[in-house]
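Order of the sequence lines fixes the chain letters, A, B, ..., with proteins taken first and strands second; residue numbering starts at 1 for each chain. These figures come from a predicted structure and were not determined experimentally.
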Amino acid sequence: MLEFADAQYTDRKTLFVEVILPLAIAKNYTYRVPFELNNIIEVGKRVVVQFGKSKLYTAIVTAITEHPPEKYEAKYLLEILDDRPVVTDRQLQFWKWLGEYYMCYDGEVMNAALPSALKLASETKIALNKEFEYDRAALHDKEYLIVEALDIQPELTISDISKLLSQKTVMPILKELFEKNIINISEEVSDRYKPRKRTFLTLNPAYQGQDNLKELFGILEKRAPKQADAVLAYIKLARHQKAISKSELIEESGAGAASINSLIEKEVFIAEEKNVSRLYFEEEDLDANFELSDQQQAALVSIKQQFEQKDVVLLHGVTSSGKTQIYIRLIEQMIAQGKQVLYLLPEIALTTHIIERLRQYFGSSIGVYHSRFNDNERVEVWQKVLNNEYKVVLGARSSVFLPFVDLGLIIVDEEHETSYKQFDPAPRYNARDAAIFLANMHQGKVLLGSATPSFESYFNARTHKYGLAELTERYGGVHLPVIEVVSIAEETKKKTIQSHFTSVLMTDIQQALTNKEQVILFQNRRGYAPVLLCRICAYTPKCINCDVSLTYHKHSGKLHCHYCGYKEDTPSICPACGSTHLEYRGFGTEKVEDELTLLLPDARITRMDLDTTRSRNSLQNILNDLEEKKIDILVGTQMVAKGLDFAGVTVIGIINADSLLKYPDYRANERSYQLLAQVSGRAGRRGKQGKVVIQTYDPAHRVIKQVIENDYSDLYFTEMEERRGFHYPPFYRIINLDVKHKNSDILYNQATYLSNELRKHFGEERVVGPQVPLVSRIRNYYIQSIMLKFEKDGVSINKVKTTIRDIITQFQTTKLSKGSIVQPDVDPY
DNA sequence: AGCACGCCGACT
DNA sequence: GTCGGCGTGCTC
């Protein structure tokens, strides 16, 4: 098939390459290298190969050998796409580890790791980059042909182009066009990240002197009194705050938007659009030259000392304690040593202006890697990391796949965040855990930061596997909120409780309203009442699909299933016995909102839960209203816990903590703790000390105590374990198995089978589960976890992993688990 | 992931 | 008699 000019190649060895194909297949494949490419073939370069009858794929070379395969004739690889490797040896090693650890195929790891523009395949879609201007005359004939064809038909596949040029090797041409920014490769028509903008106003310096202002007033007062009001309001506001937004000024001055616009037109005000963010992820106000507080300084020193002995340090710092400043100091030191730093953030936190803040510090040496950036940008970051041009990368979980050359430090901010875990598709990796392995490969260090660390990390810190540094004070002297626990039982007895609101909470709410401050009330259940109960026969309507009790929603007047979305009309008589004595039991956000409206008719109350934020902009609208103080009290589910930052919120009320506390397993304890602590952290952040009221029937509950004391040393105990007789923390080695299948029955059998097998191997008492997080039922498959616990000096983790692997292989061959995927999610050491 | 091969049901 | 459903197996 190939012709060679005989003498041209001095090196006539026949070479073969092992490649990874971007497919979910078990094996790696071998291709033959054409002689003329012998000199340039290299591990880590991309090659184009034919796989199957007609499909072309981009594959990564993982090994070069001289041994021809024995059982078949290898096909020739068609092209080499790169002048130098795009994937480093270390990355290949990392991929291999990740694939084994999370039990998936190499090809799946490759798919997750490489930006799609680096993975041209015959079905890859090509389109023109409309945002880029260039000189068409400068294009080569073939490039011109492609561009013209794309004018007529906006999207072509690589095989289309192959036909168009009637030649097979089109990928190098496309690669060239991509690098010239002329085309886009397989860009998903996804909503790209748009930062939220707001208009800020500043007074034109020309009017800033006393005299100038007087003159301006003179003119405005006569001709446009509204505009004069606006300028006056501006001056008033400017006394207390640095940045003044247009909407604030409109509200303060009472002048319409039109007046303000005409002032902008007259250049009295200078308008400037700025990105703003309402999501709060430890992005304290950073002054250009900040000084660390004594406590921060001590933490920094402690972290550095611990890094001498430990690879991972957990920085446990309360909300607003200034973790970011510590990160910056550490990053500076790494850069000074010429090493790279990866700063991982959960997806949502990246949309904030923390990026801008860090750019101020690290200028052009900082790169941002985010799944919502387009592929051109992603490939650019990839190349710059590979060239060691970017010293710092700020990124979401997928940035652990970047080709770092010399990684000195990985910071995992908000370490507990579940968005570090990829659930679907494979590889179902946790970027925090992968980061620990990655850093280890580079002999780098990892700093995990969180105000509410995950149990795994906290446990590892307490058992001295990780180092631990703590920040217990807020930065800038603002005190942590006061937490008051109120017994619902007691207030009920004293009859001081009104509906669901204790006298303590009511007093605090009223105080806040008087001070024109805002309140967030947290009730972790949406709808009006979670159970409808017949008082005569105890019948409760259940979902026909999920067998859980239906929640009454007053808004729709129907009963809803919160798992599958099933709805039915609310019966007025009991379907079982015909009685009319139907009773609503329990309460959700709707009821809280309802009853609060009755008690505080003048307060502006809004509800924020899945039901009120389902439509496109409703979440944004609620957040805007809250920010602009159009809302006094926000009633919400756990949505309010995630990083909402509003200066005006001083009181947080947890309506009923018990619904969070009654679950038996330790994961639920962790979640409850985190939710309570996160919600509490929203109170009074800027300047004013906040107040948190926790209402509960069980004021002595351990989790509540931990929240108050900001310590979770004992959370590993759970009620259930106590009942079963565990009186000291068992030495947990937790294996979460994500068992996924579209057919839940088969799945349940698998998980049960697996845990039974594990019981046989490791003993009855060590295996907990399978546990099904119910949320995932919505998508019609389950992700289950099986937890193994070992007391000290128990079985080694490797033994456990090997056993699991054996069991899985077994039941894959017995066809019990056809189509299922079982992945362990264990601590990477 | 594709794609072919193959074995059963409902159709012009 | 054939069209087409998706189950199974293979791709260097």
Side-chain angles (χ1 to χ4, degrees), chain A residues 1-2 13-35 37-38 41-81 92 95-96 98-99 102-126 156-163 168-169 171 185-186 188 422 424-428 740-743 745-747 780-781 809 811-821 823:
Chain A
M1 107 180 232
L2 288 173
K13 269 188 249 172
T14 307
L15 297 182
F16 295 88
V17 286
E18 298 263 307
V19 297
I20 301 178
L21 286 155
L23 300 171
I25 36 176
K27 287 180 288 179
N28 282 349
Y29 288 80
T30 308
Y31 285 86
R32 186 169 167 176
V33 183
F35 287 122
L37 299 180
N38 273 6
I41 191 75
E42 235 181 302
V43 170
K45 283 185 177 176
R46 291 175 302 152
V47 291
V48 178
V49 295
Q50 190 182 53
F51 185 70
K53 247 192 146 178
S54 57
K55 288 280 170 284
L56 301 184
Y57 290 97
T58 302
I60 298 284
V61 179
T62 57
I64 301 170
T65 64
E66 286 179 42
H67 307 293
E70 282 165 22
K71 301 207 172 104
Y72 54 88
E73 185 108 347
K75 276 185 190 163
Y76 279 97
L77 67 87
L78 302 172
E79 303 158 41
I80 297 175
L81 287 176
L92 290 174
W95 291 9
K96 195 162 169 273
L98 198 97
Y102 291 104
M103 293 188 177
C104 70
Y105 302 113
D106 292 352
E108 292 175 309
V109 182
M110 174 183 168
N111 263 333
L114 284 185
S116 48
L118 294 178
K119 289 178 297 198
L120 301 166
S122 25
E123 298 310 308
T124 308
K125 300 236 177 14
I126 307 295
L156 293 172
T157 66
I158 291 195
S159 15
D160 293 339
I161 289 165
S162 184
K163 270 178 234 153
K168 219 172 180 182
T169 55
M171 292 196 193
I185 291 171
S186 83
E188 302 287 313
Q422 169 153 315
D424 211 28
R428 296 179 174 76
K740 190 198 122 173
H741 197 291
K742 292 210 167 122
N743 185 330
D745 291 335
I746 292 176
L747 174 87
N780 202 27
Y781 62 76
T809 330
F811 68 50
Q812 268 169 2
T813 49
T814 61
K815 305 226 170 191
L816 199 112
S817 70
K818 197 173 42 130
S820 77
I821 307 150
Q823 328 245 353

Nearest non-hydrogen partners of A:Asn38 and A:Ile41, listed with the distance: O-CG2, 3.5 Å

Where do A:Val49 and A:Ala59 come nearest, in terms of heavy atoms and distance? CG2-CB, 4.1 Å

What is the distance, to the nearest angstrom, from the [atom1] atom on [X] to the [atom2] atom on [N]?
X       : N      : atom1 : atom2 : result
A:Glu73 : C:dC12 : CD    : P     : 12 Å
A:His67 : C:dC12 : NE2   : C1'   : 17 Å
A:Lys27 : C:dT11 : NZ    : C1'   : 8 Å
A:Lys53 : C:dC12 : NZ    : P     : 11 Å

One should read off an interatomic distance between A:Phe51 CZ and A:Thr58 OG1, to the nearest 0.5 angstrom, of 14.0 Å

With a cut-off of less than 4.0 Å, is there a side-chain N or O of A:Tyr31 near OP1 or OP2 of C:dC12? yes

Qualifying salt bridge (charged side-chain N to carboxylate O under 4.0 Å, His left out) pairs, either residue in residues 65-76 of chain A, two or more places apart: A:Lys13-A:Glu66

How would you list all residue pairs meeting salt bridge (charged side-chain N to carboxylate O under 4.0 Å, His left out) that involve residues 42-53 of chain A, not counting sequence neighbours? A:Glu42-A:Lys45, A:Arg46-A:Asp82

Taken in chain and number order and not counting sequence neighbours, the residues that satisfy salt bridge (Lys or Arg N to Asp or Glu O under 4.0 Å) with A:Lys119 are none

Heavy-atom distance under 4.5 Å between the side chains of A:Thr62 and A:Asp106, does that happen here? no

Neighbours of DNA chain B within residues 16-26 of chain A, by heavy-atom distance under 4.0 Å: A:Leu23, A:Ala24, A:Ile25

Identify whether any heavy atom of A:Lys71 sits under 4.0 Å from a base atom; if not, whether one sits that close to sugar-phosphate; answer base, sugar-phosphate or nothing. nothing

Mind checking which nucleotides bracket the chain A contacts on DNA chain B, 5' to 3', with an atom under 4.0 Å from a heavy atom? B:dA1 to B:dC3

Tell me which donor-acceptor pairs under 3.5 Å the side chains of residues 17-31 of chain A have, and how far apart each pair is, sequence neighbours excluded?
from, atom 1, to, atom 2, distance (Å)
A:Glu18, OE2, A:Thr30, OG1, 3.1
A:Thr30, OG1, A:Tyr72, OH, 3.4
A:Tyr31, OH, A:Gln50, O, 2.7

